[in-house]
Every structure is written in C-alpha cells, then in structure tokens.
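First listed ligand is number 1; within each ligand, the first listed atom is number 1.
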Amino acid sequence: MTTIRHHVSDQLLMAYAAGALPEAFSLVLATHLSMCDDCRARAASFDALGGAVLEDCGSTAMQDDALQACLARLGTPEAPRPPARRQGLFPRPLQDYIGGDLESVRWRPLGMGVRQAILRTDRNAMARLLYIPAGQAVPDHGHRGTELTLVLQGAFADATDRFGPGDLEIADEELEHTPVAEPGLPCICLAATDAPLRFSGMIPRLLQPIFRI
Ligand code: ZN
Ligand code: ZN
C-alpha cells in the first residue's frame, strides 16, 4: 500500500460534504476518498458537523413538517462506508462513472504520446483521464481557475513536489508548472478543471480549443 502525502483541503472537503462542488470536482474527490482513509474520516466528521447543525435547527420552534422539509432539501445523507475492494486500476467511484476499467476508456491522442479521455459531467467543470508516458512532460502551463489532479498509476513531479498513486495536486491561479511523468509506469491521472489552462507555448495554445483543455 502506498502512502498518500497530498490530500484534499478542508475547504474543498467542506464544499464536497455540502454538495456544493461541480460534478467533475466531486468525482475527483470521491475517487480520492475511496483511496484515502484520512480524508474519508475527515469527510465523515464534516457530515457529522452538518448533522449537528441540523439538530440545532430542529430544537427551535418550527412547524411540524419543518424538519422533514429540511431533510428533503438536503437529500439522503450518505453514511461513511469503507471503500469497496479494488479490482483493476480504477477505484470504484471512477469505475462506476465510466462503466468499466482501463479497457473501457476511449483515449484521444494529444501529441508526444500523451492521451486524454474527457468524461461526461455537468458544464461547471471538466473531468478527464490523462495518460502520460513515462518520462514525458506535459507542456508548461498556468491555471485560470482550480485544477485537481489525482494520480491513479505511476507518478509525476513538478516544481512543487512529487505526486504518486492516490496523491491529489490542487493547483490554482498562482501555480505555473510543467508536470513530468516519472520513469517506470506510464502516469495515469484523473484531472478536473473549472477553467481553461493557460499555456505559455504557442503550439499548445493553438491546439487548446481542439483538445478542450
Ligand atoms: Zn486524503
Ligand atoms: Zn496544471
């Protein structure tokens, strides 16, 4: 079992527990949570916190059906459960999402051996699987919004650190980076962005609209 060193921030985890994230971000977080005991425990405590707030609101004088209405608005709370045993490369939430494992992915080439598969999510953010051959770099880029990158296989490094299986990199407008896949296995990641990337090279910039990246 590899050690996960890069986790979900409190801010993101709270937004996730509140159901306030775009679908693409929720998918990345659900996938990380299924791989990470720490974040799953933290998510459960945020859920408990939400429950306590709800109890508080139940103790004030309200109409009989107020709590019911409140619960209906919140939807059914999900009890924290241990992750299902992993079969294949993709954790369960991702397998459920794409309806299979690696063999079901329809990759499209991005050049230099890098491939992507865009996943269908709501329009507030985009989710994609990325396949980066060992030793290959992703063109230097900045971010107009938030980029979440979860490593599923292999590893990559940028100026900030190394990211291995289960690690989540949270990039924002401040960060410009050139992720490079480590030698060894190809690096396969699940990434979500809520705004187009900012490439410094001309060719990636020209290709950007075609690749929707
Ligand atoms: Zn974690
Ligand atoms: Zn990036």
N/O/S atom of His6 inside 2.8 Å of the Zn ion (ligand 1), strictly under: no
Glu147 atom (N/O/S) at minimal separation from the Zn ion (ligand 2): OE1
Sidechain N-carboxylate O distance under 4.0 Å for Arg198, Glu173: no
For Ile4 against Met35, the heavy-atom pair lying closest together: CD1-O, 3.3 Å
Under 3.5 Å side-chain donor-acceptor pair for Asp140 and His177: no
Atom name, His7 (N, O or S, nearest to the Zn ion (ligand 1)): ND1
With the Zn ion (ligand 2) as the apex, the NE2/NE2 angle for His177 and His141 - to 10°: 90°
Short N-O contact, Asp38 and Arg42, less than 4.0 angstrom: no
Metal site angle (apex the Zn ion (ligand 1)), NE2 from His32 and SG from Cys36, 10 degrees: 110°
Test log, rule side-chain hydrogen bond (donor to acceptor under 3.5 Å, both in side chains), inputs Arg108 and Gln116: CA-CA 5 Å; Arg108 300 276 143 101; Gln116 74 165 353; over 6 Å; no
